[in-house]
Protein chains: 2
Amino acid sequence: MSILNSAAAVLRCFGAECTELTVMDTVEKLGIPKSNASRLLRAMRDAGLLETIGQTKRFRPGVLVLDAAISYRRSSSLVERAAEAVAKISTATGHTGYVSKLIDTEVAAVTDHPGTHSLRVVSNIGRRLTAHGSGTGRALLALLSDDEVRALFADGIVPPSDLSPQSIDEVLERLAEVRRTGVSFSAQESTRGVDALSVAVRDPETGEAVALCIVWPAALATEEDRKTIETMLLDGAAEVSAALGDRTLRKR
Amino acid sequence: MSILNSAAAVLRCFGAECTELTVMDTVEKLGIPKSNASRLLRAMRDAGLLETIGQTKRFRPGVLVLDAAISYRRSSSLVERAAEAVAKISTATGHTGYVSKLIDTEVAAVTDHPGTHSLRVVSNIGRRLTAHGSGTGRALLALLSDDEVRALFADGIVPPSDLSPQSIDEVLERLAEVRRTGVSFSAQESTRGVDALSVAVRDPETGEAVALCIVWPAALATEEDRKTIETMLLDGAAEVSAALGDRTLRKR
DNA sequence: CAGAAAGTTGCAAAAAATGGAACTGCGGTT
DNA sequence: AACCGCAGTTCCATTTTTTGCAACTTTCTG
């Protein structure tokens, strides 16, 4: 395996449950000899991908990673605008919101907007969900054709919970509903006690797609609240879409 | 040069003025043969460090980088707490604020908090300043001893502006003043028309240091306003310091 | 549709990473 | 104070990757 992939694997270790690494952590997580782990971490630090915490022997991502991440948002007007729209809804409702993307067959949050309610869903950005087994994922899958979805899950699916679709055919049924209503609702599917509503938007110019998503404690919102969130999400998505459409027109 | 350093160099290209890269951009910026640039970008994409924009041949940082950056913010309670303190001051005064760190001989902003005044200093996170030639930098340098500072700039300094210290000795004079007052003031030094006030804090446990910094249009603040900001910064820094101190005590 | 520019691939030489074992440094123990 | 165990580092021959050039293919552009 090239050192680049090892480096990427190291970066992948950092997530919700792991914020720093030692040489031995790396040995265990990647299953490589510790001589390599030692050199790998040092090389990554020298390159700026990692930094040592104070004068300890523990490592965490470096500032270089931070700068690049900031640049990411700017590089995509789709993500940028989607983040603004979600931030607005998050502030208005007090619930936590995300902007997410499809990465192969998984969903990854790209920006998060923590809610303000005292009982709120804690932001767990970095956690990956299966595309077929999450509301956000199905919002994004609904942009594809049934054939494309079948091709994507050619190896079959493993439903992450009893509440998720149990077969490709069930997934497609749910997708049909998403296409009809424009929104994807998920009731306590990925996280117990948490409902989520997602709407997908595609940038007509680049083909890139993201989902706007609001999550809330199921106990906290009435049917009416849900309707309100749905309207705000659809309006937000429409605004994003309009802004991107305008841009496309302007360029021609 | 190892591919890891090349990869880091690619990530370094992304910044305020560059949000996406092509093979030829990479060739020019890094001065490498285009065969390598081509393979490097592809390898980085396969590793998840980059992603292609839509179906074009342009690249930007990948989600992996994003996730790692989020983890970075979480991992450093010093940065997190400092960010909270700066956010509070930023909101109260309407001015833009930063949390910054020393990276070798430069200063890099780690989080930003855009102000709310209609005339505000626009956040330029990612921009690097020389440590000796910026108020924030000197706030951080003041934590070191004179000998350490001399060692750091053993190769001599290049003053970024006429208003900056022109020699190591002048830098040390300014540092002495910073140590005496606890704050570092810079009048229109790094950016014309912009004043800045910075205070450094060190985590007693890890030795890590950051600076809290508030910047404002010089024309907009009276001497009294400056005093207010100074007090808020010192209070904020004291709070952060206390929080970290408490944590250390609790652990023992 | 020709010509140019951007991007990709093949190949041998050069550079790097690898893994095992030996070594260092540090805190705790007898 | 010598010893032990553990985390981390260094050494070195072997294996693997990377490099740069040139030839090739694809994609723009006029």
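In what follows, chains carry the letters A, B, and so on, assigned in the order in which the sequence lines appear, proteins first and then strands, with residues in each chain numbered from 1.
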Taking only side-chain nitrogens and oxygens of B/R42, does any of them come within less than 4.0 Å of OP1 or OP2 of C/dT9?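 So the side chain of B/R42 is within the cut-off, an N or O lying under 4.0 Å from OP1 or OP2 of C/dT9.
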
Does a nitrogen or oxygen in the side chain of B/S38 sit under 4.0 Å from OP1 or OP2 of C/dG7? no

Non-hydrogen side-chain atoms of B/T26 and B/L41 separated by less than 4.5 Å: yes

Under 4.5 Å between any side-chain heavy atoms of B/K101 and A/E51, yes or no?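 Yes - at least one pair of side-chain heavy atoms lies under 4.5 Å apart.
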
Regarding B/D104 and B/R128, does a basic nitrogen lie under 4.0 Å from an acidic carboxylate oxygen? no

Are any of the side-chain nitrogens in B/R138 or B/E177 under 4.0 Å away from the carboxylate oxygens of its partner? no

Could you encode protein contacts along nucleotides 14-30 of chain D as a string, one character per nucleotide from 5' to 3', using B for base contact, S for sugar-phosphate-only contact and - for no contact, with a heavy-atom cut-off of under 4.0 Å? ----SBBBB--------

Between [atom2] of [N] and [atom1] of [X], the distance in whole Å:
X	N	atom1	atom2	result
B/L41	C/dT9	CG	P	13 Å
A/D46	C/dA17	CG	P	11 Å
A/D25	D/dA7	CG	C1'	11 Å

Between CZ on residue B/R150 and CD1 on residue B/I168, distance to nearest 0.5 Å: 7.0 Å

Please round to the nearest 0.5 Å and tell me the distance separating atom CG of A/L140 and atom OG of A/S134.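 These two atoms lie 8.0 Å from each other.
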
Take B/V10 and B/L21, measure what side chain to side chain contact (heavy atoms under 4.5 Å, CB included) needs, and give me the verdict at the end. CA-CA 9 Å; B/V10 167; B/L21 282 178; 3.8 Å; yes

For the helix from C/dC1-D/dG30 to C/dT30-D/dA1, what is the angle between the axes at its two ends, each from 5 pairs, rounded to 10°? 40°

Is the charged tip of B/R60 near the ring of A/Y72: under 6.0 Å from the six-membered ring centre and within 45° of its axis?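 Yes, a cation-pi geometry holds between B/R60 and A/Y72.
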
